[in-house]
*Asks:* 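This is the structure, below, for whatever I ask next.
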Amino acid sequence: MSSARTPVPLRGLGLAAHRRTRIMVWLAATGMLAGACVGLVRGASLGPEYLAVAVLKGMALGVLFAVTLGALELIALRRLWRRLALGWAILARTALYAPLALGVYLVVSAAFSSWIPWSFQRAMILPSIGIAVAGLLAGSVMLALVHLHGPRVLLNLLSGRYRRPFEEERIFLFLDLAGSTTIAERIGHLRYHSFLHDFIEDLEDPVLAHDGDVYQYVGDEAVVTWPLADARSNGRCLVCHFAIVDAIERARGRYEGAYGVVPSFRTGIHSGSVVAGEIGDQRKQIVFVGDVVNTASRMQAQARALDKDLVISGALLARIDLPPGIEARSLGTVRPKGKERAMEIFEVVLSTDRVMQPGCE
């Protein structure tokens with residue numbers, strides 16, 4: 001099984017840190033822009049002689065707010081928010097970050113007191129805190145929506161990209177937890193739910209680090225998707241599988257201590273053309289329709305039947321430049337259930353040197 005193997009040194013896991021860095025840079029730039037706009041308005045109200053320094057102060061405040069809160073969100077408090085109910089997480093964020101925002105404002109105001117009289121700055125404390133609290137509340141709601149839908153899915157819903165259905169080519173990865181029934185019977189269904197929760201939480205970071213979108217969770221199965229792109233980028237789906245293997249292996253001690261068992265899983269991947277579009281009114285969702293999704297599920301079923309960790313279709317392999325450290329081995333041709341034509345399938349494994357390059361960011 002996947003998690004029973006020796007840990008794999010995946011340099012591609014550096015993509016998670018790279019992703020966090022990109023987010024922090026984006027937050028800093030956004031905070032700087034928003035702060036400059038607020039500073040511009042405030043400077044104009046104080047007089048032209050204060051305009052430039054007010055803009056600089058606003059930029060400093062925006063960057064410090066964004067970087068400080070972003071670091072707390074991404075690093076320090078991430079797991080805490082995951083443990084709280086959605087509404088409580090929104091309130092807790094606002095209650096925690098509001099006094100922090102006040103502290104940052106006072107420090108920056110003190111630093112600029114030589115250029116802007118404190119009497120002017122003091123008058124802005126309450127309005128600034130009000131703006132900060134409103135912004136934090138709005139940001140917390142937005143983060144909650146991101147956690148509900150995923151960042152790219154939420155962006156697509158907000159932009160209306162899938163409002164009208166259209167055809168596109170995508171990769172689908174089906175991942176199924178092995179031995180789930182036996183595990184549930186052994187540890188009990190309530191503990192099994194916690195076990196499944198931890199497993200899904202651990203696989204989400206590698207998925208995001210390799211630019212995947214979680215399409216859906218169905219019981220103990222996860223479906224991840226990527227747009228079909230160039231041959232190098234298409235290799236992300238393979239690297240993602242092995243990154244999940246590594247993430248679970250690194251959490252082995254935690255699983256053994258809490259549940260007495262470590263998750264193992266099998267994966268199947270396929271690609272092709274689907275029709276994508278929004279459905280639903282009470283709960284909007286982007287849905288992909290086409291035989292490709294069913295065939296990807298059949299790849300996962302072949303992995304289970306052949307006792308392989310990762311099986312992909314020959315059609316997808318032909319559109320991938322295998323990342324360094326990964327090789328594909330033919331398993332012959334099969335005719336998946338419901339398909340008229342046989343198709344060649346491949347097992348994908350780590351090469352004997354057992355080292356993977358980032359390869360496909």
Side-chain angles (χ1 to χ4, degrees), residues 1-19 169-176 178 202-214 222-250 252 263-272 292 295-296 298-334 343-361:
M1 299 294 181
S2 294
S3 61
R5 295 185 173 173
T6 307
V8 179
L10 296 179
R11 278 183 268 171
L13 287 178
L15 290 174
H18 178 62
R19 175 178 166 270
E169 290 191 303
R170 298 193 73 90
I171 298 170
F172 289 90
L173 178 153
F174 276 70
L175 181 153
D176 185 57
D202 286 334
L203 72 81
E204 284 180 338
D205 284 343
V207 168
L208 287 174
H210 293 87
D211 294 325
D213 292 319
V214 175
V223 184
V224 183
T225 182
W226 291 261
L228 198 62
D230 60 275
R232 182 174 179 272
S233 296
N234 291 340
R236 291 174 298 187
C237 61
L238 306 181
V239 181
C240 181
H241 165 86
F242 292 109
I244 296 171
V245 171
D246 188 73
I248 299 302
E249 186 59 42
R250 285 184 284 113
R252 172 178 287 274
S264 60
F265 58 91
R266 296 186 178 89
T267 303
I269 315 178
H270 181 53
S271 68
V292 171
T295 303
R298 301 286 185 263
M299 292 299 101
Q300 191 279 320
Q302 287 296 321
R304 182 172 63 248
L306 298 172
D307 195 24
K308 303 296 182 183
D309 290 336
L310 173 57
V311 171
I312 72 169
S313 65
L316 173 58
L317 181 62
R319 304 186 69 171
I320 288 180
D321 283 342
L322 288 176
I326 295 179
E327 61 184 51
R329 302 169 182 171
S330 178
L331 296 173
T333 59
V334 297
M343 57 190 305
E344 188 173 11
I345 60 175
F346 291 81
E347 177 189 17
V348 178
V349 297
L350 292 173
S351 304
T352 53
D353 60 14
R354 305 167 64 78
V355 176
M356 280 197 320
Q357 306 292 336
C360 19
E361 296 183 16

*Asks:* Please identify each residue that fulfils side-chain contact (heavy atoms from CB on, under 4.5 Å) with Val224, with sequence neighbours left out.
*Replies:* Leu173, Val207, Trp226
*Asks:* First locate atom CD of Gln300, then atom CD1 of Ile269, and finally report the distance between them rounded to the nearest 0.5 Å.
*Replies:* 11.0 Å
*Asks:* Can you measure from CD (Glu347) to CZ (Arg329) and round to the nearest 0.5 angstrom?
*Replies:* 6.0 Å
*Asks:* With a 4.5 Å heavy-atom cut-off, do Leu203 and Phe265 have their side chains touching?
*Replies:* no
*Asks:* Does Ser233 offer a backbone N or O that forms a donor-acceptor pair with the side chain of Arg236 under 3.5 Å?
*Replies:* yes
*Asks:* Return the CZ to CG distance between Phe172 and Leu316, rounded to the nearest 0.5 Å.
*Replies:* 12.0 Å
*Asks:* Are side-chain heavy atoms of Lys308 and Arg266 found at a separation under 4.5 Å?
*Replies:* no
*Asks:* Under the rule for side-chain contact (heavy atoms from CB on, under 4.5 Å), what residues qualify as partners of Ala315, not counting sequence neighbours?
*Replies:* His270, Ser313
*Asks:* Mind checking whether Met343 and Thr295 have side chains closer than 4.5 Å, heavy atoms only?
*Replies:* yes
*Asks:* I'd like to check Val349 versus Glu327 (side-chain heavy atoms, cut-off strictly below 4.5 Å). Are they in contact?
*Replies:* yes
*Asks:* Quick check: do Asn234 and Ser271 have side-chain heavy atoms less than 4.5 Å from each other?
*Replies:* no
*Asks:* To the nearest 0.5 Å, what is the distance between CZ on Phe242 and CG on Leu350?
*Replies:* 4.0 Å
*Asks:* For Thr333, what residues pass the side chain to side chain donor-acceptor pair (under 3.5 Å) criterion, not counting sequence neighbours?
*Replies:* none
*Asks:* If you look at every heavy atom in Leu317 and Ala328, which pair is closest and at what distance?
*Replies:* CD2-CB, 3.9 Å
*Asks:* Provide the closest heavy-atom pair for Gly235 versus Pro323 in the form atom of the first, atom of the second, distance.
*Replies:* O-CG, 3.9 Å
*Asks:* Applying the side chain to side chain contact (heavy atoms under 4.5 Å, CB included) criterion to Ile312, which one of Ile345, Leu238, Ile171 satisfies it?
*Replies:* Leu238
*Asks:* If I take atom CD1 from residue Ile320 and atom CG from residue Asp230, how far apart are they, to the nearest 0.5 angstrom?
*Replies:* 11.0 Å
*Asks:* Any non-hydrogen side-chain atom of Val245 less than 4.5 Å from a side-chain atom of Leu310?
*Replies:* no
*Asks:* Specify the closest pair of heavy atoms between Val292 and Arg170, including all atoms of both residues, with the distance to one decimal.
*Replies:* CG1-O, 4.4 Å
*Asks:* At what distance, to the nearest 0.5 angstrom, does CZ of Arg304 lie from CG of Asp176?
*Replies:* 6.0 Å
*Asks:* If you apply the rule side chain to side chain donor-acceptor pair (under 3.5 Å), what do you find for Gln302 with Arg298, and how did you get there?
*Replies:* CA-CA 6 Å; Gln302 287 296 321; Arg298 301 286 185 263; over 6 Å; no
*Asks:* Which atoms form the tightest heavy-atom contact between Ala247 and Pro206, and what is the distance?
*Replies:* CB-CG, 4.0 Å
